[in-house]
Protein chains: 2
Amino acid sequence: MAFGHQKVESRRLLLREIAHRGPVPRIDLAEHTGISRATVTSVTADLLRGRLIEEVPRESRNDESARGRPRVDLKVAGDAHLIAGLKVSDRSISLVLMRFDGTHVTDHECAIPTGRLTSDNLATHIRDGLSALAEKAGHNRTDISGVGVGLAGVVDADHGLVYWSPSLDQRNVPFGEVLRETLGVAVYLDNDANLVAMAELTFGLGKSHSDFIVITIESGVGMGMVLGGQLYRGTRGCGAEFGHTKVHLDGALCRCGQRGCLEAYVADYALVREASSVGGMSLTTPTSQAVSTILKAAKGGDPTARTVVERAGKMFAMGLANLVNIFDPELVILAGEQMQFDHLYADTVIEEMRKSIVEIDKPAPEVIVHKWDNLMWARGAAAYALEFVQDAAVETLEDA
Amino acid sequence: MAFGHQKVESRRLLLREIAHRGPVPRIDLAEHTGISRATVTSVTADLLRGRLIEEVPRESRNDESARGRPRVDLKVAGDAHLIAGLKVSDRSISLVLMRFDGTHVTDHECAIPTGRLTSDNLATHIRDGLSALAEKAGHNRTDISGVGVGLAGVVDADHGLVYWSPSLDQRNVPFGEVLRETLGVAVYLDNDANLVAMAELTFGLGKSHSDFIVITIESGVGMGMVLGGQLYRGTRGCGAEFGHTKVHLDGALCRCGQRGCLEAYVADYALVREASSVGGMSLTTPTSQAVSTILKAAKGGDPTARTVVERAGKMFAMGLANLVNIFDPELVILAGEQMQFDHLYADTVIEEMRKSIVEIDKPAPEVIVHKWDNLMWARGAAAYALEFVQDAAVETLEDA
DNA sequence: CCAATTTAATTTGCTTTTCGAATTTAAGTT
DNA sequence: AACTTAAATTCGAAAAGCAAATTAAATTGG
């Protein structure tokens, strides 16, 4: 907690503020950070000299009088660094390349063998994907200042340690280190659920909120928490296991081996399992198609399908209510790509949740459904890496 | 976020550090805070001048060589301020008076009418209790620098607002203000569950841990969270409602009006209700006695009693596992006074919990049972007030 | 069109705060 | 008594930030 890095500290603070607020004039920076105008001028001068930020002409805004010396907006200099983000999934790796200001450069997707891989093998695939990504934009892999990597499973982000992942054939792999060596670039590893929260924080609703929960439903149920404007990770790097929260004593069997997990009621495989076991529905198609079949049947009035879907919704509402009771967030974001799960997001579910939280004479937290494209994960990973690259850039900025 | 309060900031930081670490030599302060030795000398000189801290002779310790100039320990000056803490319960108010260094001065208990009171009425009772407390120690009520007040119910501590409490006859009472006016002393209001966490943080295991959860089981089930060395409150001031976490869809009726709350399975009234409704046990005695009857019967092998107690334990384990899955704390503290609930704390319950959390190759969080005396609440309230008094003392410290 | 006005940004000079290095202090050791 | 060790203090210098004054760039009004 050393003092004595004050200069670096104020540079970091202002760079973050500029990154967070987009183009912003100096006077607003002074206002929001509490730093005096004089200091803002001198610190931003340093950042400008280091080409981390740049002045941009201000388009006239109607909400302020146009008298007086016009404000000059500052923004992060896009060309200062390249940042990559990628997400390893079942059978492919999706990657994005972005500039230092978070703008999109290009993206890429490459197939990998399904099933568990050795860490070296996966690292090689990632390296090749990254090279292809860089090449697409006319760059070299080593031009990249930082790479964020998202992995399903249980990951200790601070130590780059993968406790367990469906993508790796071993437990407790120091995959961060492995990647660092294979890629020759700074690597920041994280759990994929946290990445969605990170994407939301950096590019989404984090612009206006500082305490929220992000729930994702894909094949599993994931969660990320933002408390006080930053991602919360547990002490062992494996918090936020919302999907394995228990909603029923000795309940349905989950693929994690335990019983009664929320995931065992609302995930795709759970819906299919239920619907077919009860009979009445024959589901031999792949999971994702089977889910739509069930949802359609439920809407069409099929009683079996309805029971299954309704119960999933109720369980989901219950889990959500528990979260709200414990955290009291200002906002809950339901984020996802596959809106085949929109039965869970239905207003009735949200209403059910509201009825299950402790009632006080203050409005319940807002619930927002946010649909993302399939690059969301990779962008979140890049956003995660971006923070580190920002900090590193500020630290290596030499004095005048 | 203003800079420009650096002096106050470093004074505050060092005072906190001294309070937290007990008697500590300057060189350790420099080490732990990252502030240079020179600055530590000058800032602690200010604190000494303001009589907020004092030097104490150091008893020789074996773990370090005795060569060189001996270290001089610093500790918080007990006589600098008086702080009171109190907890309003069903039929009484319990109060403690402590010095600025957290040492005990005296305590007091006074009866109040049972049932809901008007805020003015309750405030008057608190005033009288506080006067009696001060008198016991040969002081005047107005000698007290700050009073922490704990209330059951839903409380927004930051605004001194009571959304709802079993002690008050109205909802949404700005009870902090009311007390402030009635007592003529700075008042800091909080939810009683948070106070236990506060007591633990200040006087208990918080000395060695910075991320933990405290669960209390009395008549209800309460919870406090310490994240990053400080109490976490939700955004509406009503987080941590662990007792009303849902553990069963459409389950047992809770006194909050909803169904399936954890409390509806593990609280005293829930045990009694179950045991008598199933029949086989006639329980006409008051709740607390009835509970011991049930527990004894369960131990004696009575099947009805056993079912009831076992289910309570399972539900509790499930709720606990959910907390751990979500937060991943380093420590879970089960704190309480009435060890009549020790069936919930039993090793088998904790074992059950361990089996229900996500398994990784890292030890599960420690679970510690911590028995407190009945002044725990009041001491927590005082600890809460103490932080404010410390800050105020630092802020009003004039320069040399 | 130019002076007055308005607002933003910068410069200047000063204060506050902190630190590093040297020094002093208080012990033990030889 | 001289030397060693380690903590605490002193002192001068440097860093960082701020307030006030100044400069800059626009609009408005006469």
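Letters A, B, ... mirror the listed sequences (proteins, then strands); counts begin at 1. What's counted below: heavy atoms across the whole structure, side chains too, no hydrogens, waters or symmetry copies.
As rounded to whole Å, 14 Å separates atom C1' of D/dA16 from atom CG of A/Leu13. A straight line from CG of A/Asp46 to P of D/dA16 spans 10 Å, rounded to a whole angstrom. Look at CZ on A/Arg11: it is 10 Å from P on D/dG17, rounded to the nearest Å. Between the C1' atom of C/dT18 and the CZ atom of B/Arg26 lies a distance of 17 Å, rounded to the nearest Å. Distance B/Arg37 CZ to C/dT18 C1': 16 Å, rounded to the nearest Å. The separation between B/Ile53 atom CD1 and D/dA8 atom C1' is 13 Å, rounded to whole Å. Distance B/Leu74 CG to D/dT9 C1': 14 Å, rounded to the nearest Å. Look at CD1 on A/Ile35: it is 18 Å from P on C/dA8, rounded to the nearest Å.
OP1 or OP2 of D/dG17 sits under 4.0 Å from a side-chain N or O of A/Ser10. The side chain of A/Arg71 contributes no N or O atom lying less than 4.0 Å from OP1 or OP2 of D/dA25. For D/dA16, one of the phosphate oxygens OP1 or OP2 lies less than 4.0 angstrom from a side-chain nitrogen or oxygen of A/Lys7.
The only option from B/Arg21, B/Arg71, B/Arg37 that meets the salt bridge (charged side-chain N to carboxylate O under 4.0 Å, His left out) definition with B/Asp28 turns out to be B/Arg71. With A/Ser10 as the partner, the side-chain contact (heavy atoms from CB on, under 4.5 Å) test is satisfied by one option alone out of A/Asp46, A/Val43, A/Val40, A/Val394: A/Val43.
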Starting from the C-alpha separation in whole Å, work towards a yes-or-no answer on side-chain contact (heavy atoms from CB on, under 4.5 Å) for B/Arg16 and B/Leu13. CA-CA 5 Å; B/Arg16 288 209 173 163; B/Leu13 181 61; 5.7 Å; no
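Each of B/Ser36 and A/Thr41 lies near DNA chain C, and the nucleotide nearest A/Thr41 is the one positioned closer to the 5' end. Toward the 5′ end of DNA chain D lies the nearest nucleotide of B/Thr44, the other residue of the pair B/Thr44 and A/Arg69 mapping further downstream.
Atom-to-atom distance recorded for B/His20:NE2 and B/His32:NE2 is 9.5 Å, nearest 0.5 angstrom. Atoms CG and CE, from A/Leu201 and A/Met198 in turn, are 5.0 Å apart once rounded to the nearest 0.5 Å.
Nearest nucleotide to the A/Ala38 side chain, out of D/dA8, D/dA19, C/dT18: D/dA19.
Within 4.0 Å of A/Val40, counting heavy atoms only, lies no atom of the nucleic acid at all.
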